[in-house]
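Reviewing the structure listed below.
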Amino acid sequence: MKKTAITAMTLVLALCILFACGCTAPPTTPETAGEPTETAIQPINYEDTPVQYSDVNGVTLAYREFGTENTEPLLMIIGFGGTMESWNITFIGILAENYHVYVYDHRDMGQSTETDAPLTIPILADDAAGLITALGHDSMNIYGMSMGTAVSQQLLISHPKTAQKVILSSASYTVNIPEMEKLHTQLIESVEDLETSEGVRKEAVAILEWDGVYDSLPGITNDVMLITGTADDITPQTVAVDIADQIDGSWLVRYKGIPHAGSCYAPVEYGTIVTTFLEMDESPA
């Protein structure tokens, strides 16, 4: 990554407050998200937002949408074992203030179609691209978290015209490297545990079998931002640095003391930096 991009991010991060609220799962209230009292944020409500359905690539994907019409679209790609309700409500609420936010369930998960076929990361990327088109858009901004970053990277390579700006949070380019040993072990355990749901087991296999698109990353021309936490032992920050080095002009944001899936632990900070990135007129490269 170019040094000018690092300098730009340093200036932005100087304005951010970094904290860990001890959250281990997406909270259900703004208070448990560690929201500053002086910030007037309207969190979203899943129960009051109807689930909608879209036919994509032979399956039906369930989704919800937040924000006002005629604003830029933002597709949220959830990680391993997650559903659209897994996103932090304060984080989504911040994004929905300025963007039309779509959250959805992958096939074989949540309220989307269960299939008999094996699952792969390229299939999930095809679904994301198909959903963007089915919702009436030529392209969307993309936010991928954890496994969602694998789907996002594959989307950038296989369907580059469907993506605008892309954020990769808690990213990896393959689990088959020494740095990813902890996640690799957890995925193997999920596959072998017969009490794990079929959808989660299929996602685990898909991640394990994905060789990544690392060698193709230098060809990406989209504006990309990577967000990582220094306390992330699932997808360590060194892996995000490797990806940033591959994508010319990419942003790299590191939050001190934040673990995996940091938007749960610091939703306001993550929402603020994502909005800052999306509102930039050009890449800092």
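These figures come from a predicted structure and were not determined experimentally.
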So, [X] side chain and [Y] main chain: donor-acceptor pair closer than 3.5 Å or not?
X    : Y    : value
K165 : V224 : no
S146 : G148 : no
T90  : P267 : no
D105 : A62  : no
S158 : L155 : no
T120 : I123 : yes
S112 : D108 : no
S172 : T235 : no

- [ ] Assert yes or no for the condition that the ring centre distance of Y143 to Y102 is strictly below 6.0 Å.
- [x] no
Heavy-atom check, side chain of [X] versus side chain of [Y], under 4.5 Å:
X    : Y    : answer
Q186 : L183 : yes
V103 : I78  : no
W251 : F277 : yes
L208 : V175 : yes
E269 : I273 : no
T113 : L61  : no
I227 : L168 : no

Which value, rounded to the nearest 0.5 Å, describes the distance between [X] atom [atom1] and [Y] atom [atom2]?
X    : Y    : atom1 : atom2 : value
L226 : D245 : CG    : CG    : 10.0 Å
S54  : I132 : OG    : CD1   : 11.5 Å
I167 : M76  : CD1   : CE    : 8.0 Å
Y173 : D211 : OH    : CG    : 12.5 Å
S216 : Q154 : OG    : CD    : 8.5 Å
Q246 : D215 : CD    : CG    : 7.0 Å

Does the side chain of [X] come under 3.5 Å of the side chain of [Y] through a donor N or O and an acceptor N or O?
X    : Y    : value
N88  : S263 : no
T238 : E179 : no
Y214 : Q153 : no
N70  : H100 : no
Q164 : N222 : no
Y255 : T228 : no
N57  : D126 : no

Is the count of non-hydrogen atoms from other residues, nucleotides or ligands lying under 6.0 Å from [X] atom [atom1] greater than 12?
X    : atom1 : value
E114 : CD    : no
D138 : CG    : no
E181 : CD    : no

TODO: Starting from the C-alpha separation in whole Å, work towards a yes-or-no answer on side chain to side chain donor-acceptor pair (under 3.5 Å) for N141 and E72.
DONE: CA-CA 8 Å; N141 297 303; E72 282 192 48; 3.0 Å; yes
TODO: Measure the acute angle between the ring planes of F66 and Y46, then classify it against the limits of 30° and 60° as parallel, tilted or perpendicular.
DONE: perpendicular
- [ ] Describe, in one word, how the ring planes of Y104 and H106 are oriented to each other, choosing from parallel (under 30°), tilted (30 to 60°) and perpendicular (over 60°).
- [x] perpendicular
Open item on the list: Walk me through whether I220 and I157 qualify under side-chain contact (heavy atoms from CB on, under 4.5 Å).
Closed with: CA-CA 7 Å; I220 292 174; I157 301 305; 4.0 Å; yes
Open item on the list: salt bridge (Lys or Arg N to Asp or Glu O under 4.0 Å) for R64 and E85? Distances and angles first, verdict last.
Closed with: CA-CA 9 Å; R64 289 186 174 95; E85 290 86 5; 2.6 Å; yes
Quick one: closest heavy-atom pair of [X] and [Y], and the distance?
X    : Y    : answer
V56  : A134 : CG2-CB, 4.1 Å
K202 : A117 : NZ-O, 2.7 Å
E65  : T49  : O-CG2, 3.7 Å
A204 : S190 : CB-CB, 4.2 Å
A171 : V239 : O-CG1, 3.8 Å
M140 : L75  : SD-CB, 3.7 Å

